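Computed from a prediction, not measured in an experiment: that's the story for all the values here. We count residues from 1, following the sequence as given.
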Amino acid sequence: FQKRPTFKTVRRIVLLSRIALLTLAAPACLFLVGCTNASVKHYEQGIVAARNGQHDQALAAYTKAIEINPDFALAYYDRGNAYSAKREYDNAIRDFSQVLEINPALGKAYLARATAYIAKSEHDHAIEDLTEVLEMEPTNAGAYFGRGLSYTSIGCHDSAIEDLTK
């Protein structure tokens, strides 16, 4: 007879897996190396708040996690997503940039930052970030689509057609 794990245990395993996957190339928070229980606790609270649409509470929780561990790339990433959800794109861009300073190999941060740049109609910056994504992930359809839309917005129609037909 084997005891079933509790919901809290399963949630923690999922969170730890997510942290490990997204920070594989970074020393910070790889299986919580460098992360304290307190920083992870605040990060978890942020995840729950964000899932419930409570973006202000999520921002506060992610900020506490970052204050405890300034190299917690995933906390910056999710705080950037919370800022994007509130349409605070300058703050989102700043957080996604911080993620990339900590770990330049996180393609998702380039993609998220490009999305914020597109929302601000800063298509040249978006194209740069989307090109970075495509160098890391040459089959990323979302990056081709976003870059194609940005090319259209700045009048580079041949480049747009090339990306949008891939």
request  = Determine the minimum heavy-atom distance between Phe72 and Ser39, stating which atoms define it.
outcome  = CE1-O, 3.8 Å
key: Heavy-atom pair of closest approach, residues Ala49 and Ala58   = CB-N, 3.6 Å
request  = Please test Leu164 against Tyr144 for side-chain contact (heavy atoms from CB on, under 4.5 Å), starting from the C-alpha separation and ending with a verdict.
outcome  = CA-CA 6 Å; Leu164 294 171; Tyr144 279 113; over 6 Å; no
request  = Drop me the distance from Tyr76's OH to Arg94's CZ, to the nearest 0.5 angstrom.
outcome  = 10.0 Å
ask   = Can you check whether Phe145 reaches Asp163 side chain to side chain, under 4.5 Å on heavy atoms?
value = no
inquiry  = Under 4.0 Å between a side-chain nitrogen and a carboxylate oxygen: does that hold for Lys86 and Asp56?
reply    = yes
Non-hydrogen atoms of Glu137 and Gly107 that approach each other most closely = OE2-CA, 4.2 Å
key: Value rounded to 0.5 Å, distance of CD in Glu101 from CG in Asp71   = 10.5 Å
task = Apply side-chain contact (heavy atoms from CB on, under 4.5 Å) to Tyr83 and Asp95, showing your working.
result = CA-CA 9 Å; Tyr83 278 129; Asp95 275 357; 3.5 Å; yes
request  = For His157 and Thr152, work out which heavy atoms get closest and say how close.
outcome  = CE1-O, 3.9 Å
request  = In sequence, state the C-alpha distance, the side-chain angles, and the governing distance for Ile127 and Leu130, and then conclude on side-chain contact (heavy atoms from CB on, under 4.5 Å).
outcome  = CA-CA 5 Å; Ile127 290 167; Leu130 293 167; 5.7 Å; no
Donor-acceptor under 3.5 Å (Asn52 side chain, Gln54 main chain) = no
message = Which residues pass the side chain to side chain donor-acceptor pair (under 3.5 Å) test with Asp158, not counting sequence neighbours?
response = none
task = Using the rule that two of Ile, Leu, Val, Met, Phe, Trp, Tyr join whenever any of their side-chain heavy atoms come within less than 4.5 Å, decide whether Leu100 and Ile118 are in one cluster.
result = yes
ask   = Do you reckon Leu134 sits in the same ILVMFWY cluster as Leu111, going by side-chain contacts under 4.5 Å, direct or chained?
value = no
message = Just verifying a value: how many Å separate Arg79 CZ and Leu74 CG, rounded to the nearest 0.5 Å?
response = 13.0 Å
ask   = Hey, quick one: are Leu106 and Tyr77 part of the same hydrophobic cluster, counting side-chain heavy atoms closer than 4.5 Å, chains of contacts allowed?
value = yes
message = Can you tell me how far apart CD (Glu128) and CZ (Arg147) are? Round to the nearest 0.5 Å.
response = 12.0 Å
Rounded distance (nearest 0.5 Å) linking atom CD of Glu88 with atom CD1 of Ile93 = 12.0 Å
request  = Go through the steps for Ser84 and Phe96 under the test side-chain contact (heavy atoms from CB on, under 4.5 Å), then give the verdict.
outcome  = CA-CA 10 Å; Ser84 286; Phe96 296 136; 3.9 Å; yes
ask   = Do the non-hydrogen side-chain atoms of Lys41 and Gln45 ever get within less than 4.5 Å of each other?
value = yes
query = Looking only at atom types and distance, does a side-chain atom of Tyr62 sit under 3.5 Å from a main-chain N or O of Gly46, one as donor and one as acceptor?
reply = yes
key: Heavy-atom side-chain proximity of His42 to Thr63 below 4.5 angstrom   = no
remark   = When every non-hydrogen atom of Ile154 is compared with those of His123, the smallest separation belongs to CG2-CB, 3.7 Å
message = Within the structure provided, determine whether Val40 and Glu44 are in side-chain contact (heavy-atom separation under 4.5 Å).
response = yes
ask   = To the nearest 0.5 Å, what is the distance between SG (Cys156) and OH (Tyr151)?
value = 7.0 Å
remark   = In terms of heavy-atom contacts, Ile102 and Pro70 come closest through CD1-O, 3.9 Å
request  = Would you kindly say whether Asp78 and Tyr43 are connected by a side-chain donor-acceptor distance under 3.5 Å?
outcome  = yes
